[in-house]
Amino acid sequence: MRIIFILTAALLLGGCYQNESGLSDTLLYCTENSPQSFNPQISHDVSTLDATTHQLYNRLIKIDPTSNRFIPDLATHWQESEDKLSYTFFLRRNVNFHQTDYFSPTRYFNADDVIFSFNRMLNKNHPFHSVNRVSDTFFFNHPFTDLVSDIIKIDAYTVKFVLDSPDATLLANLAAHYAVIHSQEYAHTLLSRGHPEKIDFYPVGTGPYKFKNFQSSRVTRYLAHDLYWGEKAAVKNLIYDVTANNTKRYTKLLSGECDVITYPAASQLSKISKNTDVVISSQPTANIALWSFNTSREPFDQVEVRRALSNAVDQKTIVDAVFFESANATDTLLAKQSWAFNPRSTHIDYQPDDSLTSLKETDYDFTKKLTILTPSDNSVFNPNFHKTAELIQANLFDIGIDSEIISLSHAELEKHLLSGDYDTFITGINIHINDPDNLFRPLLSCDSTVLEGNSSRWCSPQVQQLLDSTLIESSFIKRVKNYYQLQKIIQEQRPYFPIAHVLRMDAFNKNISGLLVNPLTGINFQNVRKIEAQ
Amino acid sequence: MALLDIRNLSIDITTAQGKVRVIDKASLTIVDGTIHGLVGESGSGKSIIAKAILGLHNPSWTVTADRMFLGTTDLSKLSSPDRRKIMGKEIAMIFQHPRSYLDPSRKILSQIKEVLPHSSVRSRFINIVKPKKEQSVMRRINELLHKVGIQNGRSVLDSYPYELSEGVCQKVMIAMAVANSPRLIIADEPTNAMEAVTQAQIFRLLYKLNQLHNTAILLLSNNFGSISDLSDYITLVYCGQTVESGSYKQVMESPMHPYTETMIKTILNFDESIDHKSQLYTLPGNIPSANQLPIGCRLGPRCPRAQRNCVKNPDVVNYKGHIIRCHFPTLDENKHANTSQRK
Amino acid sequence: MLKYLFRRLNLLLITAFILTVIAFMLQHWSSSSIDNRNYFMLYGDYMANIFQGHWGISSIDQRPLLNKGLIAFASTLELCFVACITSIIMAFPLGILAGLKRNGVIDYAIMSIALVGLAIPVFWLAIIMTMLPNSIGISLPVDGNISLVFEVPVISGFVLIDSLLAADQYQMRAFSDRVAHLVLPAVVLSFFLTTEIIRLTRHAITMVMRSNYIKAAYAKGLATKQIVLRHVLKNALPPIIHQIRLQLSTIISFAMTIEIVFSSGGAGVWLLTSIQEGDYLALPTAVLIISSFILLSSIIIDIVLMIISPTKRKALYADQ
């Protein structure tokens, strides 16, 4: 009897519990990791980008999601000089910075802020240059410092960027995730208080959301910026919740503790897609999972060996078993949606018999053990390195090659890579800038080191020349032609075996609308609306 | 007039070896207002008989009897609520090791109060309305304690059982037993755990209760000596069978059953001169264990008069109230004439 | 009575001393200070710090460890408390029923359920309970102490109380949200507690029912219900409480495991993240906090037992 009473009490209490999803002025977003900092200039992990780029900050220009053209953000219009060595930007007026517990702005946004934000990266003597410095280069393989020689303030609302040499990628770089605008006034206040490092952890920007608090590396809270210059955010409270376990994230989505989640478990995608209350958004990214051959080591310096090994691997099985539906199998390095994609590249199919015959022809030493190097933790571009390695190992075994999987953590991995002591390496690359150069340079440039991305130690003068000339080439058609040729060479040479282009998956309740996910710059909550649950 | 009339009570217990008949056609008749001694060695089954009367036996035991009557009430056909009415009110029981039969977590006062007829919920409710009753309850309790001979009543009432000696605990149990003036008190070896002085006190008390209130007492004991001067009637039990029964004078002066003779012989009589370190008299052998009970008369293997006939269960013979179950009883010439066989 | 208390206190001090030595060793080996003085002086310093309340600073967020530990542990205690109450309410009647109707159908049914509780691992049930309610349509929160929407200030450390204190800001929504967050973890923990208590109660009741004074009570003519209420319960309680006291640490460790699955901010999560992130100083703090809690509660339970059970007062009487 008493049991019945208790049960009824519990059920009634359950009715009292209002699902957080029901509150329309709060959005809960569950991610995998907590951001490394709140400044995408120094942190490039996906969590930082998701947390900051579109929410806290604005950039000078941004890319229209539908037309892929550059559109104004904080810069209203811009001009290119005749000699293509300088770009002049005209800045928006009456833009407010965030007012928070720790900072109250006294003026609007102006050119000083632009100069501060970029000089921090350019100028080694800048007081904030080495603050919170994580690595030597600010970003991978396309140093902004080499691109821009100077930034000149023309007047309070005009800024000129002077380039070393003509470079077609400046606009793409200014629209990139890291080109965010900080508040110079805030930086000076921090400096005078003696706490410059706070600039990256107690951020101030101009974006539609402002920073409220950051709790125990699990929870970040944002408030809508009520003085935002553009359309104000419809959702007042934005809460980032770090839940490492991807199954748990999905459970929380179902129980209403999350409205939007990122990277649901790849193995559960088919089940999630059957749930009619949940919408899955998948965005193709340019991120790619690769298997690279160490071309500086025998016998992988022979192109026939590399092509033969490429024939030996069953790519489809790997994609199904490791990625499930979260990636597209690919045969090319460049993603299909890129404007430089060469549709007429040669394919390499899964032909183990052909592989065996080719290998025999090249006098391949079958007695030697082939090493497959993998990182021990998983990454955005590969949810399970070890499984991938095991599948490749099995394929190799079928053609008579014995292989050994070496799984290492970060420090050990670096050592091996630097010393060149590996045959093959399972890796991938994250692309942040919407330009093919951003993909090819780290992978193929002679200047690119192993740690920067060139794990196949590829160096070919022909390829290098193509890369460099296309960089400064301003004719669009010429660039396309160059990249087509580059891809043709690479497809034949096969320094890398592309496995899959990863999709970025997000899942959210169907009462959420207006969610934009940009695979390069992160999630955008600016236009999100939440319909109250009935 | 027979207060308690039991004929051919048999109790079967299912053990691992099969069904064992622990009590075999035992008969017992208690006359109103008398003290009846039930004598038997340890393990002879007298406690089982006592428990069966009250219905306190293990429910898995099979109890059958030709007659089991308390006055006019058939004890074997009582429903639980009816049985509860007679327990404590018409029949009361006191036990061996009285301290363990008192609730260790409650004071004596509350335990005595439980027995009194006022302890039903309704009367407690009425008590709230008319609190004067409380005084009369206390008076009653003090009367009871005085009756059983407890001197310092108030401190006893305020104590827990573990703080009292066995003698005092037994007196308390007797007090609880007589609280409702029962017609029969069953005393299951009440003095085994005490020293001689207290034993004498308890027996004197029981005797007094019997004399003053005409309460019948069924006194179970394992030695003859303790009940000898007390009982009006005696029944002897051996191994689950009642072997001889009769008035005290009949049994003591002219025992017929060989077992009775043995028992009497074991009473130490300090008048006679017994040689230093001479052997005391016993029957040869031991009581048979439950899984090796002899067929027929269970004294058979040890009986000095045993013959082949003894494997058959002897019939009950009644010589003017002196009941015996033996094939070869010691007969007196006088008794021979007036016999009436009873089966 | 006082002598007994004094004896118990002595035991407490000795146990506490040993625990502080263990905690000190943990702290010494996990901190990288190169202090060359001998161990006695270091231990003396450590104990001086303990008594002054300087239990160390967390290396993760630079807050004092004592505060962090107490708040985390308060959350665990909340869970244990709620689970204890619900399980006692559920388990006691079932155990009494099973004990009274020993070897009957009801007894076997109840004991089968109790045995299941012995067999199922804690973390498995916890993980199942994160997913099960959803699949049958009940929507209960599976993560965290309280919804992130409510920012309840930490006043007492017990979120239930704090959410009531924050009523002016959130009305009762924070409180009911906290209760909702407690439901699933408490169900899991009380599942195990219930099975434990059922078994203990059944055993205790059976033992008491076999004792002499219950037979005497029957002989007095009392009905079973009266006997159970008046005599059996009070006598069956001490062994049950005694056994629960021995299981106290198991209950806390179960609670910590459940917390890790449900990510509520209790001691389990705190310790796990501390170890994962290298804040090893949390370990001796946790040792001290948890063990002093268990010691204190042991003593309190002892005192309670002494009060309700007169037989324990005179341990000399070994009559039964």
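Of the two parts of C/V261, only the backbone, made up of N, CA, C and O, holds a non-hydrogen atom closer than 4.5 Å to a non-hydrogen atom of chain A. In this structure, chain A has heavy atoms under 4.5 Å from both the backbone and the side chain of C/S263. With a 4.5 angstrom heavy-atom cutoff, C/F92 does not touch chain A via any of its atoms. Of the two parts of A/N245, neither the backbone nor the side chain holds a non-hydrogen atom closer than 4.5 Å to a non-hydrogen atom of chain C.
Under the rule for a side-chain hydrogen bond (donor to acceptor under 3.5 Å, both in side chains), A/Y222 has no partner lying at least two apart in sequence or in another chain.
If you take OG on C/S147 and CD1 on A/I239, they are separated by 6.5 Å, rounding to the nearest 0.5 Å. With rounding to the nearest 0.5 angstrom, the CG atom of A/N237 is 8.0 Å from the CD atom of C/E151.
Environment of OH in C/Y280: sparse, with no more than 12 heavy atoms of neighbouring residues, nucleotides or ligands closer than 6.0 Å. Counted within 6.0 Å of OH on A/Y202, heavy atoms from surrounding residues, nucleotides or ligands total 12 or fewer; the atom is thus considered open. Annotation for C/F81: atom CZ does not count as buried by contact number, only 12 or fewer foreign heavy atoms lying within 6.0 Å. By the neighbour-count criterion of 12 heavy atoms within 6.0 Å, atom NZ of A/K271 is sparsely surrounded, having that number or fewer from other residues, nucleotides or ligands.
The backbone N or O of C/V142 sits less than 3.5 Å from a side-chain atom of A/E257, completing a donor-acceptor pair.
Heavy atoms only, all atoms of each residue included: A/S255 and C/P141 are closest at OG-CA, 4.3 Å.
Salt-bridge check for A/R218 with C/D143: passed, with a basic side-chain N closer than 4.0 Å to an acidic carboxylate O.
Using a 4.5 Å heavy-atom cutoff, the side chains of C/L148 and A/L28 are in contact.
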Should A/K248 and C/M131 be marked as a side-chain contact (heavy atoms from CB on, under 4.5 Å) after you check the CA-CA gap, both sets of side-chain angles, and the distance that decides it? CA-CA 9 Å; A/K248 194 119 189 257; C/M131 304 195 262; over 6 Å; no
